[in-house]
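Whatever order the structure lists them in is the order used to number ligands and atoms, beginning at 1. Numbers for residues simply follow the sequence, beginning at 1.
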Amino acid sequence: MDNRPIGVFDSGVGGLTAVRRLHEILPHEDIIYFGDTGRVPYGTRSAETILKYTRQDVHFLQAFDIKAIVVACNTVSATALDTVAAETDVPMIGVVSPACDAARKATVTGRIGVIGTQATVRSGVYERMLTAADPNLSVFMQACPLLVPLAENGRVHRGDIVAETLVREYLAPIKAQGVDTLILACTHYPLLREVIAAEMGAHVRLIDSGAAAAECVRDILTPCETRQGRTRYFVSDDPAGFNVLAPGFLHSALDFPAKRVEFGAF
Ligand code: DGL
C-alpha cells in the first residue's frame with residue numbers, strides 16, 4: 001500500500017481529462033492537480049521555455065510527497081518529459097506512449113490522424129513512435145493552436161459557431177486522408193469531443209490521450225488503501241474561473257476549490 005497522492009499537471013484545464021478518468025478507475029487515490037493557467041498555452045512556446053515551465057511544475061508537485069506524476073500534457077510529454085524524468089526520482093507517466101498504444105489497437109485501416117499543439121506537431125514524436133511500432137501505419141498530423149484558448153474559455157459545445165468553424169477548418173486535411181482513428185494529442189481537445197466527433201463522423205475512433213495515460217497509471221502504480229480519494233486543485237492564476245469550468249469537465253463537483261499558487265517560489 002502507498003497512500004501518497006498522485007501528482008497531475010497540465011498548462012491549464014486540459015489535464016482534467018486525465019483526472020476524470022483517474023477518478024473513474026482509481027477512486028481511492030488522492031490527487032494533487034496543478035494547472036498552469038497563468039502561463040497557458042504551452043504549445044506555442046519554444047522547447048526551452050516549455051522545459052523551464054515543466055521543471056517548475058514538477059518542483060511544485062514534489063512538495064506534496066507524491067508517488068507518481070502524470071504529465072497530462074502532450075506538449076510537455078513530447079518536448080520535455082525525457083529530460084525532466086531523468087532529473088526526477090518520482091516515476092513520471094506521459095501521454096504520448098499510452099495514446100500511441102491505444103491508437104494502434106483501435107485502427108483497422110492503419111490510417112491515423114493526430115491533432116495537437118504546434119510544439120507537439122513540431123516534435124514529430126507521434127509519427128516516430130507510431131511508425132517505429134508499426135512501419136505500415138500512415139500518420140497525418142495537424143496543429144490546432146486555437147482549440148486550447150477555446151477550451152480554456154469553455155467554448156466547447158455543439159452549436160458554438162466559433163468552435164464548430166475552427167474544428168471544421170482544422171480537421172479538413174485530416175478528413176481528406178480518410179483516417180479511421182484520430183488521436184486527440186492535446187489533453188484540452190477531449191473537452192471538444194462532441195464537436196470533433198460530429199465533424200469526423202461515427203466511423204472514426206477518437207483517442208483521448210489523458211484517459212489513455214490514466215489507464216497506464218493503474219497498471220504500474222502501488223495502490224493506496226481502500227477509502228475515498230480526494231483531489232486538491234492548484235492553479236497559477238484565476239482560481240475562480242477554474243472553479244466554474246472544472247466541474248463541467250470533470251462531471252463532478254470539486255472536493256475542494258482551487259487555490260492559487262505563487263509561482264515565484266518554484
Ligand atoms: N493540454 C496541453 C497538451 O496536451 C497543452 C496545451 C497548451 O498549453 O498549448 O498539449
Within a radius of less than 6.0 Å around CD1 of I220, do more than 12 heavy atoms belonging to other residues, nucleotides or ligands occur?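 Yes, enclosed.
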
Can you confirm whether R39 is buried at CZ, in the sense that more than 12 heavy atoms of other residues, nucleotides or ligands lie under 6.0 Å from that atom? yes

Is there any ring-ring contact (aromatic ring centres under 6.0 Å, His included) pair reaching into residues 85-136, and which pairs are they, with sequence neighbours excluded?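 Matches after skipping sequence neighbours: none remain.
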
Note down each nitrogen or oxygen pair, ligand 1 side and protein side, whose separation is under 3.5 Å; give only atom names and the distance to 0.1 Å.
| unit_1 | atom_1 | unit_2 | atom_2 | d |
| --- | --- | --- | --- | --- |
| ligand 1 | 1 (N) | D10 | OD1 | 2.9 |
| ligand 1 | 1 (N) | T187 | OG1 | 2.9 |
| ligand 1 | 1 (N) | H188 | ND1 | 2.7 |
| ligand 1 | 4 (O) | N74 | N | 2.7 |
| ligand 1 | 4 (O) | N74 | ND2 | 3.3 |
| ligand 1 | 4 (O) | T187 | N | 2.8 |
| ligand 1 | 4 (O) | T187 | OG1 | 3.3 |
| ligand 1 | 8 (O) | S11 | OG | 2.6 |
| ligand 1 | 8 (O) | Y42 | N | 2.7 |
| ligand 1 | 9 (O) | Y42 | N | 3.3 |
| ligand 1 | 9 (O) | G43 | N | 2.8 |
| ligand 1 | 10 (O) | N74 | N | 3.4 |
| ligand 1 | 10 (O) | T75 | N | 3.1 |
| ligand 1 | 10 (O) | T75 | OG1 | 2.6 |

Could you please spell out the steps behind the side chain to side chain contact (heavy atoms under 4.5 Å, CB included) verdict for V162 and L150? CA-CA 9 Å; V162 179; L150 269 188; 4.0 Å; yes

Contact between K67 and T222 at the side-chain level, heavy atoms closer than 4.5 Å - yes or no?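 Heavy-atom side-chain distance check fails, nothing below 4.5 Å.
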
Roughly how far, to the nearest 0.5 Å, is the CZ atom of F234 from the CG atom of L61?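 So the gap between those two atoms works out to 9.5 Å.
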
